[in-house]
Amino acid sequence: HKLYSEYKYKLDFKALLKMLDHCGLLNREFTNREAAACFHRSRLQVLDELRFKDRLVTLSLVDFLEFIGRMADMMSPPPPEDIIAHGIPSGRLVDYYQHVRNGNPAIDPRESCDVAVYPTRPLEEKVQPIIQLMIDSLADRFAKKNEHTKEADVTLELKKQCQDLGIAL
């Protein structure tokens with residue numbers, strides 16, 4: 001959140017899209033349009049939009065966590081057992097998305113992904129792999145940018161920050 005934010009501890013939509021792109025989360029099922037819908041639904045109510053314009057166009061940390069939950073629910077990532085059955089032995093979401101980006105077929109969306117259908121899995125089962133994917137992708141990206149930083153160090157720091165926020169991985 002802090003790395004992409006131009007505002008003090010706030011994340012605007014442009015920076016959010018950049019982060020999602022760096023994580024590999026923007027694809028044909030979850031586009032800028034879906035990201036915008038999650039962004040706008042995630043913001044807490046702003047009572048005076050003229051006086052507090054930055055609250056209207058940015059996400060606070062709490063809003064960002066709400067965004068992740070809404071994004072995970074909308075994306076409804078496949079569970080590890082489906083990923084393994086699809087031929088990816090690790091069962092990790094990051095490996096699955098890389099597999100799909102390489103031109104391989106995707107797993108058919110679950111029926112519960114549709115808006116009018118009641119979800120069949122708890123939100124926690126969808127959020128955890130999305131957060132892990134974000135950690136893995138960003139750790140890899142920032143470790144490549146800085147040759148003195150190891151991916152494991154970045155991953156450890158990101159996981160520590162998640163734990164500080166009460167997010168169990």
Side-chain angles (χ1 to χ4, degrees), residues 1-7 9-39 42 58-107 109-110 113 121 123-169:
H1 183 268
K2 289 181 187 178
L3 293 173
Y4 288 87
S5 181
E6 290 182 22
Y7 296 87
Y9 304 112
K10 303 271 184 173
L11 189 66
D12 68 357
F13 185 64
K14 182 179 173 185
L16 180 70
L17 286 179
K18 185 176 180 182
M19 179 192 296
L20 294 176
D21 186 46
H22 288 172
C23 293
L25 289 169
L26 293 176
N27 53 49
R28 68 175 189 253
E29 286 88 25
F30 190 80
T31 64
N32 291 6
R33 181 175 151 224
E34 285 79 18
C38 290
F39 179 88
S42 299
T58 61
L59 297 179
S60 68
L61 181 59
V62 172
D63 298 337
F64 178 65
L65 295 174
E66 176 73 17
F67 173 85
I68 290 174
R70 289 180 181 275
M71 177 181 65
D73 195 42
M74 187 178 278
M75 291 179 78
S76 193
E81 56 272 9
D82 288 0
I83 294 173
I84 292 169
H86 195 64
I88 300 156
S90 69
R92 293 177 357 139
L93 193 59
V94 68
D95 297 333
Y96 166 71
Y97 280 131
Q98 185 61 46
H99 180 75
V100 172
R101 274 194 300 277
N102 289 339
N104 296 301
I107 297 172
R110 300 167 66 91
C113 291
R121 293 185 295 158
L123 185 59
E124 179 184 354
E125 288 182 18
K126 300 173 188 178
V127 169
Q128 196 276 339
I130 293 289
I131 291 175
Q132 189 63 55
L133 171 102
M134 293 175 77
I135 288 172
D136 293 344
S137 301
L138 293 175
D140 181 51
R141 181 173 186 82
F142 289 111
K144 285 180 182 174
K145 273 187 153 181
N146 184 351
E147 60 193 47
H148 304 292
T149 305
K150 295 179 182 166
E151 182 179 345
D153 295 338
V154 178
T155 302
L156 189 62
E157 178 59 28
L158 289 169
K159 283 185 177 183
K160 181 183 173 295
Q161 289 182 19
C162 285
Q163 288 175 345
D164 290 347
L165 292 169
I167 301 169
L169 294 176

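Small disclaimer: the values here were computed from a predicted structure and weren't measured. Throughout, residue positions are numbered sequentially from 1 according to the sequence presented.
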Does the side chain of [X] reach to within under 4.5 Å of the side chain of [Y], using non-hydrogen atoms?
X: M19; Y: M134; value: yes
X: S76; Y: R121; value: yes
X: L20; Y: F30; value: yes
X: F67; Y: D63; value: no
X: P78; Y: L93; value: yes

Of all heavy-atom pairs between [X] and [Y], which one has the smallest distance, and what is that distance?
X: L16; Y: F64; value: CD1-CE1, 3.9 Å
X: Y97; Y: N27; value: CE2-ND2, 3.8 Å
X: I130; Y: A72; value: CG1-CB, 3.9 Å
X: I88; Y: Y96; value: CD1-CA, 3.6 Å

Do E34 side-chain atoms and T31 backbone N/O form a donor-acceptor pair below 3.5 Å?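 Yes; at least one donor-acceptor contact below 3.5 Å.
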Nearest-0.5 Å distance that lies between atom [atom1] in [X] and atom [atom2] in [Y]:
X: D73; Y: I68; atom1: CG; atom2: CD1; answer: 13.5 Å
X: L26; Y: K18; atom1: CG; atom2: NZ; answer: 13.5 Å
X: L59; Y: L65; atom1: CG; atom2: CG; answer: 10.0 Å
X: S60; Y: L11; atom1: OG; atom2: CG; answer: 10.0 Å
X: R70; Y: E66; atom1: CZ; atom2: CD; answer: 4.5 Å
X: H86; Y: H99; atom1: NE2; atom2: NE2; answer: 4.0 Å

Who are the salt bridge (Lys or Arg N to Asp or Glu O under 4.0 Å) partners of D21, not counting sequence neighbours?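 Once residues adjacent in sequence are excluded, D21 has no partner under the salt bridge (Lys or Arg N to Asp or Glu O under 4.0 Å) criterion.
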Which residues share a salt bridge (Lys or Arg N to Asp or Glu O under 4.0 Å) with R92, sequence neighbours left out: D95, D136
For residues 76-89, pull every pair meeting salt bridge (Lys or Arg N to Asp or Glu O under 4.0 Å), keeping only residues two or more places apart or in separate chains. D82-R110
Tell me, please, which residues at least two apart from A85 pass side chain to side chain contact (heavy atoms under 4.5 Å, CB included).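 In terms of side chain to side chain contact (heavy atoms under 4.5 Å, CB included), with neighbours along the sequence ignored, A85 is linked to no residue.
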Across all chains, not counting sequence neighbours, the side chain to side chain contact (heavy atoms under 4.5 Å, CB included) partners of S137 are C23, V94, L133
Apply side-chain hydrogen bond (donor to acceptor under 3.5 Å, both in side chains) to N32 and list each qualifying residue two or more places apart in sequence or on a separate chain.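 Result, side-chain hydrogen bond (donor to acceptor under 3.5 Å, both in side chains) vs N32: none returned.
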Checking Q98 now: which residues fulfil side-chain hydrogen bond (donor to acceptor under 3.5 Å, both in side chains) with it, not counting sequence neighbours?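 Scan of Q98 (side-chain hydrogen bond (donor to acceptor under 3.5 Å, both in side chains), adjacent residues dropped) gives R101, N102.
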